[in-house]
Amino acid sequence: MIKKLDHIGIAVEDLEESAAKWAEIFQLTVVKKEELPDRGVRAAFLPLKQGPNIELIASLGRDSVVDRYIRQRGEGIHHICFEVENIREAMNKLKKSGVSFTADTPVMGAGSSLTAFIHPKNANGVLIELKEKK
Ligand code: ZN
């Protein structure tokens, strides 16, 4: 069902500053910045040569999921993302084994991929994003 670990999402307060810092320290390139108004976040993508990408996410305003996360726990690892072949199929399978999602149907995420979030209570406190690449 899971193809690979696609990215690690890191909640940051200041996207510009953090993206520049990560790019400089780890000699990465920010290949894309994207605004996801539905979720109230902006994201910057820094691919690695191998393995999952880094996704820095910052809140667009008050009271987005990322804003609440940072106020409660501070900046840090927010979620991990698994790429799946077929997100609806994966969701159905997982729902049958009792796994719950933050929303019942997948929504359009970064890069026009379909995404859904598994509630952290199902996975030892880890917020897991599922993603079906467009
Ligand atoms: Zn993500």
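Counting starts at 1 for both ligands and their atoms, in listed order. None of these values were measured; they are calculated from a predicted model.
Side-chain contact check for R39 versus T115: some heavy-atom pair is nearer than 4.5 Å.
For the atom pair H79 NE2 and I128 CD1, the distance stands at 11.0 Å (nearest 0.5 Å).
Summarising the geometry of V66 relative to S59, their closest heavy-atom pair is CG1-N, 3.9 Å, with the distance given to 0.1 Å.
Here C81 does not reach the Zn ion (ligand 1): none of its N/O/S atoms is less than 2.8 Å from the metal. For the Zn ion (ligand 1), the N/O/S atoms of H78 include none lying under 2.8 Å. Between the Zn ion (ligand 1) and D6 there is no N/O/S contact shorter than 2.8 Å.
Taking the N/O/S atoms of E129 in turn, the shortest distance to the Zn ion (ligand 1) belongs to OE1.
Between R42 and the options E16, E13, E55, a salt bridge (Lys or Arg N to Asp or Glu O under 4.0 Å) holds for only E16.
One N or O on the side chain of S97 and one on the backbone of K93 form a donor-acceptor pair closer than 3.5 Å.
Here the angle centred on the Zn ion (ligand 1), running from NE2 of H79 over to OE1 of E55, is 90°, rounded to 10°.
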